[in-house]
Q: 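Structure in structure tokens, see below.
Numbers restart at 1 for each chain; the letters A, B, ... are given by sequence-line order, proteins then strands. FYI, side chains are in, hydrogens and waters are out, and symmetry mates aren't considered; it's all heavy atoms of this structure.
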Amino acid sequence: MSSLKDRKRFEPSEVEPRIVQRWLDSGLFHPQPEGDASENFSIAIPPPNVTGALHMGHALNGSIQDTLIRYHRMLGRNVKWVLGTDHAGIATQTQVEKRLKEQGTSREAIGREAFIEKTWEWREEFGGTIVGQLKRLGASCDYDEERFTLDEGYARAVLKVFVALYEKGYIYRDNYMVNWDPGSGSAISDLEVEDREVTDTLFHIAYPLADGGGEVVVATVRPETMLADVAVAVHPEDDRYRHLVGRTVVLPLVGRELPIIADEYVKTDFGTGCLKITPGHDPNDFEIGRTHGLPELSAIGEDGRMTGLVPAYEGMTIAEAQRAIVAALDEQGLIRARDPYVHTVPFSHRSGERIEPLISLQWFMRMDELAAPAIAAVRDGRVKIHPESQSRRYIDWLENIRPWCISRQLWWGHQIPVWYRSHPTQETYVGMEPPEGEGWTRDPDVLDTWFSSALWPFATLGWPDGTPELEAFYPTDVLSTARDILFLWVARMVMMGLEFTGDIPFEHVYVHSVIQAPDGRRMSKSLGTGIDPLHLIEGGDRPPVFTGGGEFPAYGADGVRFGLLAMSSTQDVRFSEEKVAQGQALANKLFNATRFVLLNVAEDVELAPAVQTVEDRWILSRLEAAKADFAERVEAFDFSKAALGLYDFVYGELCDWYLELIKGRPFDAELSGHLLHVLRETLALAHPIIPFVTEELWSLLPASARTAELLAGARRTAADPSLRDAEAEAAIERVIATVQAVRSWRDAGGVKPGEFLEARIDGLDGLVPLVARLARLTPVEDDRAPVATIPVSGVQVDLLTGVDPEEAAAKVEAQRRHLESEIRRAEGKLANDGFVAKAPEAVVAAEREKLERLRAELEAL
RNA sequence: GGGCGCGUAGCUCAGUGGGAGAGCGCUCGCUUCACACGCGAGAGGUCGCUGGUUCGAAACCAGCCGCGCCCACCA
């Protein structure tokens with residue numbers, strides 16, 4: 001490593017990996033299970049898919065959680081960030097199947113056991129990717145205890161929960177309408193379905209009355225399902241059809257007689273007012289069928305092909321069957337109309353294929369009993385959702401909750417702990433261990449991945465055993481997540497936590513932004529709108545969504561963390577590379593400020609806040625303000641303000657002013673000690689957001705300045721309002737305003753930056769030398785006529801030399817016009833009786849004061 | 001159909017009742033002994049539109065226009 005003097009820039013690519021290693025070696029991220037959860041601080045990471053790589057959402061959420069974790073760790077709490085990955089049934093199985101296909105085989109060919117073995121191998125190979133990426137981001141998770149939702153202990157917890165819920169009667173098996181995903185060959189839950197707009201043809205088909213007295217016409221976009229029709233429904237009040245109720249129609253092509261029934265579900269003003277009822281293939285028809293006790297027929301099978309219900313069509317694909325049926329109907333002249341029809345249709349979120357509603361024998365879980373306590377927990381504030389507005393979405397969803405289809409026709413997952421045998425009698429066995437005796441067959445299905453995820457906060461800590469970890473870290477403190485899994489995951493964790501641990505799983509739920517592509521579209525690989533956080537950290541190609549193209553510079557993990565936090569809010573935001581660059585600039589600024597201090601301070605100084613001068617008092621006061629603001633914002637989950645406030649302090653106060661103000665002073669022991677104190681406090685302040693640069697700089701501090709080996713393990717001192725110093729703040733504010741005013745005049749007057757101007761300075765007392773140095777003035781005490789007079793907040797600076805008189809005159813004129821317009825405004829306000837009478841006294845007084853000041857400044861001009 | 005949110009400088013966003021802000025971009029100046037990925041000084045905005053409440057509205061209320069998200073079973 002070159003000497004500090006030669007390191008003019010903070011080089012994240014060189015420094016950060018080295019820092020990660022120091023953290024990992026330190027053991028700081030792996031807490032002992034001591035103390036209890038009320039005093040400790042813990043977060044369970046939303047487990048990324050084991051197939052996954054770090055995307056923008058992970059990077060943002062990682063930055064958020066790590067900020068919280070590091071902040072609380074530095075407050076001295078025993079902190080644990082539970083790490084792990086999710087087995088992600090469908091996603092993982094799909095990946096492995098794809099690989100098998102490339103190898104010329106398939107899961108069916110190798111069999112269940114070998115397939116699962118292959119999947120574990122696959123996990124060994126790729127499962128570590130995202131964990132390594134989290135390390136690179138600086139996430140201070142407990143890497144020594146990584147969990148996986150299929151681990152042995154975790155699996156025991158899952159089975160125990162299944163058995164318990166079965167025994168309570170919440171879990172049951174039923175033939176029911178499910179969302180069949182032909183892509184994965186499995187049922188999926190309502191939450192895994194997304195609606196897309198599709199243009200279909202709406203066919204109007206005539207069904208003749210059985211007694212020959214005419215026909216009814218039904219409308220459908222899916223004529224192929226008519227094979228499974230069991231009735232035609234009309235509205236009971238519909239005068240057009242009332243007389244037909246109770247009669248029957250003949251189902252074309254099939255010949256089956258269907259009753260005409262009355263049901264209020266049917267809209268009289270939509271379509272023909274006659275609805276064909278197909279309980280086997282439409283969720284609404286299914287409900288109607290159940291209320292009317294109609295048969296449930298299946299024309300389409302789980303393989304996506306036509307069943308033998310009507311032999312002529314058996315084996316056809318859905319599209320083939322539709323063509324054949326439409327052709328046959330045409331031949332018989334039964335199609336009355338075809339209209340293009342735009343409507344929304346369910347698609348699988350996972351495979352992207354159109355959902356086929358089918359009746360299928362599946363395992364379900366009744367949710368209403370579990371929902372009630374979960375609603376109460378949020379209502380009474382035991383679980384707090386931020387922002388508050390998300391609570392209503394949560395409650396609304398739980399209040400209207402429906403049974404959850406929990407079985408999946410996959411191999412990768414927790415196999416359902418149910419065994420069947422038909423000899424000697426028809427039997428079902430449910431238990432954590434296989435049953436005794438011969439002839440048992442285990443249910444081949446696995447559980448929905450979200451079933452196991454729902455146990456995450458406690459199953460990762462060793463539940464159902466009463467482990468020390470559970471004692472120390474459950475309930476967790478914060479659960480941070482995006483909006484889209486509030487129902488899928490968060491609500492279910494609350495339900496399961498309350499049911500099985502008797503306690504909430506976390507106290508705060510923070511719902512963060514979704515970061516969109518710079519053009520406002522969703523970030524997605526296939527659209528080319530995805531941005532790889534690793535490319536931001538280490539440099540790499542800009543994706544096509546950046547029209548400029550080129551490469552990202554290596555912004556470093558600090559830059560990315562800062563940038564993502566600064567961008568984030570409670571609503572969706574567009575990705576802004578500028579914010580990441582701002583974070584990198586902050587890291588570099590801090591690096592150079594530290595360099596300046598360390599290259600100048602006296603050796604062997606005692607570290608202590610000193611209050612020799614007004615500016616020393618000022619920076620201590622501002623540092624205090626920055627600390628208080630930071631704490632308040634982090635604790636309120638307002639990460640963008642925490643990040644930007646940090647930036648403002650470091651740039652706008654520490655570097656732009658304090659370090660400039662002290663440059664005229666000798667670096668004696670006192671100033672050195674003071675500078676090191678301010679520096680140390682600033683590094684500690686900034687560490688949760690930009691941990692790398694601050695840790696690196698900490699290591700460069702003299703040993704006496706470090707209160708711990710690693711900054712990550714050091715304490716933050718709590719905010720102390722008594723350290724605020726209003727007097728010093730007011731004084732330095734005047735210095736700053738004066739310097740800025742003089743600089744502005746110099747610039748307008750064409751004065752060379754290096755040139756010193758003679759000036760008379762009134763109203764600053766002992767602070768004249770500060771202003772003189774920063775504004776490049778030579779204070780003089782004589783009564784020559786000024787070339788220009790600069791009035792600013794109680795201070796008056798008479799420039800005696802240097803400024804071009806014409807330029808000065810122009811500036812005076814501009815200033816005069818500005819002051820006059822301000823005065824008019826203030827006068828107008830004060831002349832308004834309503835204002836004087838009704839506005840708060842303080843506001844009126846402030847306005848009067850302002851007017852006086854403006855008048856004085858105008859006078860001075 | 002119901003619900004939630006957004007519209008402020010060229011771009012991305014702060015600002016919830018008393019003189020319009022930040023970062024980036026732009027203009028001008030500067031090798032000032034921490035940093036030229038720097039420093040200093042500037043230009044740039046009828047705060048979507050219309051009406052209302054108020055002494056006073058970017059902010060509060062109503063309507064309209066535009067955009068986004070969530071929920072919902074109209075064949």
Side-chain angles (χ1 to χ4, degrees), chain A residues 4-5 7-10 195 202-204 218-222 225 233 265-267 269-278 282-288 341 343-344 357 389-390 392-393 396-397 400 483-484 486-487 514 516 518 520 553 555 559 563 566-567 569-579 581-585 587-600 640-641 644 647-648 651-652 655-656 659-660 663 739-740 743-748 750-754 773-774 776 822 825-826 829 832-840 842-844 846-847 850 854:
Chain A
L4 186 56
K5 197 172 168 125
R7 294 172 69 189
K8 291 199 169 185
R9 288 194 55 199
F10 176 65
D195 286 331
L202 185 63
F203 296 91
H204 289 70
V218 299
T220 181
V221 293
R222 305 208 50 197
T225 64
Y265 169 78
V266 184
K267 305 272 182 296
D269 57 354
F270 190 86
T272 60
C274 297
L275 179 62
K276 73 189 204 55
I277 300 297
T278 321
D282 182 281
N284 304 311
D285 294 6
F286 179 80
E287 296 295 335
I288 294 170
Y341 183 61
H343 63 149
T344 57
S389 59
Q390 296 298 324
R392 201 153 97 218
R393 276 183 70 224
D396 283 351
W397 184 75
N400 296 299
R483 243 185 347 259
D484 54 347
L486 192 63
F487 308 147
V514 172
Q516 301 167 331
Y555 286 116
M567 267 174 245
S569 82
T570 51
Q571 64 185 47
D572 293 354
V573 292
R574 295 187 184 198
F575 178 81
S576 127
E577 187 176 346
E578 290 75 24
K579 285 283 189 294
Q582 194 181 350
Q584 207 253 329
N588 191 52
K589 194 73 175 173
L590 210 45
F591 182 80
N592 274 293
T594 305
R595 222 175 122 237
F596 170 69
V597 171
L598 294 183
L599 292 176
N600 285 290
S640 79
K641 292 218 183 57
L644 294 170
Y647 179 93
D648 288 341
Y651 262 79
C655 294
D656 286 353
L659 294 184
E660 296 303 323
K663 274 182 181 171
V739 169
Q740 286 176 331
R743 281 173 176 167
S744 178
W745 277 73
R746 291 174 59 110
D747 209 57
V751 182
K752 289 212 173 73
R773 201 168 41 72
L774 293 184
R776 308 236 166 184
E822 289 291 306
R825 171 182 285 232
K829 239 176 157 179
N832 180 336
D833 292 341
F835 175 72
V836 179
K838 296 189 180 175
V843 174
V844 178
E847 200 63 33
K850 185 175 87 185
L854 291 170

Q: Take a 6.0 Å sphere around CZ of Arg773(A) and say whether it holds more than 12 heavy atoms from other residues, nucleotides or ligands.
A: yes

Q: Hunt down the Watson-Crick or G-U wobble partner of rG1(B), both distances under 3.5 Å, from any strand shown, or write none.
A: rC71(B)

Q: Taking atom types as they are modelled, would you say the side chain of Lys589(A) forms a donor-acceptor pair with the base of rC35(B) within the 3.5 Å cutoff?
A: yes

Q: Select from Leu644(A) and Cys655(A) the residue whose nearest nucleotide in RNA chain B is closer to the 5' end of that strand.
A: Leu644(A)

Q: Please determine, for the side chain of Val573(A), which listed nucleotide (rC6(B), rC13(B), rA41(B)) has the closest atom?
A: rC13(B)

Q: Using atom P in both nucleotides, what's the gap between rG3(B) and rU54(B) to the nearest angstrom?
A: 29 Å

Q: Taking atom P in both rG18(B) and rC11(B), compute the distance separating them and give it to the nearest angstrom.
A: 27 Å

Q: If the C1' atom of rG19(B) is compared with that of rC6(B), how far apart are they to the nearest Å?
A: 28 Å

Q: When only distance counts, do a donor and an acceptor, one from the side chain of Glu578(A) and one from the base of rA22(B), lie under 3.5 Å apart?
A: no

Q: Using both distances under 3.5 Å as the test, list the Watson-Crick or G-U wobble partner of rG40(B), or none.
A: rC28(B)

Q: Report the distance from atom CG of Asn592(A) to atom P of rG38(B), rounded to the nearest whole Å.
A: 10 Å

Q: When you measure from the side chain of Ser569(A), which nucleotide among rG23(B), rA34(B), rA14(B) comes out closest?
A: rA14(B)

Q: Which part of the nucleic acid, if any, lies within contact of Ala837(A), taking any heavy atom under 4.0 Å across all strands shown: a base, the sugar-phosphate backbone alone, or nothing?
A: nothing

Q: Regarding Asp484(A), tell me which of base, sugar-phosphate or nothing describes its non-hydrogen contacts under 4.0 Å with the strands shown.
A: nothing

Q: Only pairs with both distances under 3.5 Å count, Watson-Crick or wobble alike; so what is the partner of rC35(B) in this structure?
A: none

Q: Return the minimal non-hydrogen interatomic distance between Arg776(A) and Pro753(A), and the atom names on each side.
A: CD-O, 3.3 Å

Q: Looking at every heavy atom in both Leu659(A) and Ala593(A), which two are closest together, and how far apart are they?
A: CD1-CB, 3.7 Å

Q: When the P atoms of rU8(B) and rC4(B) are compared, how many Å lie between them, rounded to an integer?
A: 22 Å

Q: Closest heavy-atom contact between Arg483(A) and Val514(A)?
A: NH2-CG2, 4.5 Å

Q: Could you state the CZ-P distance from Arg746(A) to rC39(B), rounded to the nearest angstrom?
A: 19 Å

Q: What pair of heavy atoms forms the shortest contact from Gln571(A) to Ser569(A), and how long is it?
A: N-OG, 3.0 Å

Q: On RNA chain B, check which nucleotide each of Ala566(A) and Lys838(A) is closest to and give me the residue with the more 5' one.
A: Ala566(A)

Q: Side chain of Ser744(A) only, please: which of rC55(B), rC39(B), rG42(B) is the nearest?
A: rG42(B)

Q: Look at Lys579(A) and rA14(B) and indicate whether a side-chain polar atom (N or O) is within less than 4.0 Å of OP1 or OP2.
A: no

Q: If you check every side-chain atom of Glu660(A), which of rC55(B), rA34(B), rG40(B) has the closest atom?
A: rA34(B)

Q: Going by modelled atom types, is there a donor-acceptor pair between the base of rG29(B) and the side chain of Lys752(A) at under 3.5 Å?
A: no

Q: What nucleotide, of rG18(B), rA41(B), rG19(B), holds the atom closest to the side chain of Asp747(A)?
A: rA41(B)

Q: Taking any heavy-atom pair under 4.0 Å as a contact, classify Leu854(A): base, sugar-phosphate, or nothing.
A: base

Q: Rounding to an integer number of angstrom, what distance separates rA41(B) and rG5(B) when you compare their C1' atoms?
A: 40 Å

Q: Check the distance between rG18(B)'s C1' and Glu822(A)'s CD and give it to me in whole angstrom.
A: 14 Å

Q: Within the pair Ser389(A) and rG5(B), is there a side-chain N or O less than 4.0 Å away from OP1 or OP2?
A: no

Q: Under 4.0 Å between any heavy atoms, over every strand shown, what does Tyr651(A) touch: base, sugar-phosphate, or nothing? Just pick one.
A: sugar-phosphate

Q: Taking atom types as they are modelled, would you say the side chain of Lys641(A) forms a donor-acceptor pair with the base of rA22(B) within the 3.5 Å cutoff?
A: no

Q: Does the structure place the NZ or CZ of Lys579(A) under 6.0 Å from the centre of the six-membered ring of Tyr647(A), at an angle of no more than 45° from the ring's axis?
A: no

Q: Would you indicate which nucleotide in rG38(B), rC55(B), rG23(B) comes nearest to any side-chain atom of Ala839(A)?
A: rC55(B)

Q: Would you say Leu590(A) and Phe10(A) make side-chain contact, with heavy atoms under 4.5 Å?
A: no

Q: Has Lys752(A) got more than 12 heavy atoms of other residues, nucleotides or ligands less than 6.0 Å from its NZ?
A: no

Q: Give Gln390(A) one of three labels, base, sugar-phosphate or nothing, depending on what nucleic acid heavy atoms sit under 4.0 Å from its own.
A: nothing

Q: Using a cut-off of 4.0 Å on non-hydrogen atoms, how would the nucleic acid contact of Glu577(A) be classed: base, sugar-phosphate, or nothing?
A: nothing

Q: For rC11(B), does OP1 or OP2 lie under 4.0 Å from any side-chain N or O of Arg574(A)?
A: no

Q: Between P on rA36(B) and CZ on Phe591(A), what's the gap in Å once rounded to a whole number?
A: 12 Å

Q: Across all strands, who's sitting opposite rA59(B) as a Watson-Crick or G-U wobble pair, both distances under 3.5 Å?
A: none

Q: Measuring from Arg595(A):CZ to Asn600(A):CG, what's the distance to the nearest 0.5 Å?
A: 10.5 Å

Q: Atom CG of Asn832(A) and atom P of rU54(B): how far apart are they, to the nearest Å?
A: 14 Å

Q: Using purine N1 to pyrimidine N3 plus N6-O4 or O6-N4 for Watson-Crick, or N1-O2 and O6-N3 for G-U wobble, each under 3.5 Å, what pairs with rG23(B)?
A: rC11(B)

Q: Take atom CZ of Phe835(A) and atom P of rA57(B), then tell me their distance rounded to the nearest Å.
A: 12 Å

Q: Using whole Å, what does the distance between atom P of nucleotide rC11(B) and atom CD of Gln582(A) come to?
A: 18 Å

Q: For rG66(B), which nucleotide in any strand shown is its Watson-Crick or wobble partner with both distances under 3.5 Å?
A: rC6(B)

Q: Quote, to the nearest angstrom, the C1' distance that separates rC26(B) from rA62(B).
A: 40 Å

Q: Of all the choices, rG3(B), rC35(B), rG29(B), which nucleotide is nearest to the side chain of Pro753(A) once you look at every atom?
A: rG29(B)

Q: Please state the P separation for the pair rG40(B) and rG52(B) - nearest whole angstrom.
A: 47 Å

Q: Expressed as a whole number of Å, how far does the P atom of rC13(B) sit from that of rG68(B)?
A: 14 Å

Q: Please report the interatomic distance CG(Asn588(A)) to NZ(Lys8(A)), rounded to the nearest 0.5 Å.
A: 12.0 Å

Q: Side chain to side chain contact (heavy atoms under 4.5 Å, CB included) between Gln390(A) and Thr570(A): does it pass, once the steps are laid out?
A: CA-CA 10 Å; Gln390(A) 296 298 324; Thr570(A) 51; over 6 Å; no

Q: Within the 4.0 Å limit for protein heavy atoms, which parts of nucleotides 70-75 of chain B are touched? Write it as a string from 5' to 3', B for base, S for sugar-phosphate only, - for none.
A: S--BBB

Q: With both distances under 3.5 angstrom, what nucleotide forms a Watson-Crick or G-U wobble pair with rG45(B)?
A: none

Q: Hey, does Pro840(A) reach any base, or is it just sugar-phosphate, or nothing, if we go heavy atoms under 4.0 Å?
A: base

Q: Do the side-chain N and O atoms of Arg743(A) and Gln740(A) include a donor-acceptor pair separated by under 3.5 angstrom?
A: no

Q: Output the rounded distance in Å from CZ (Arg392(A)) to P (rG2(B)).
A: 15 Å

Q: Hunt down the Watson-Crick or G-U wobble partner of rG17(B), both distances under 3.5 Å, from any strand shown, or write none.
A: none

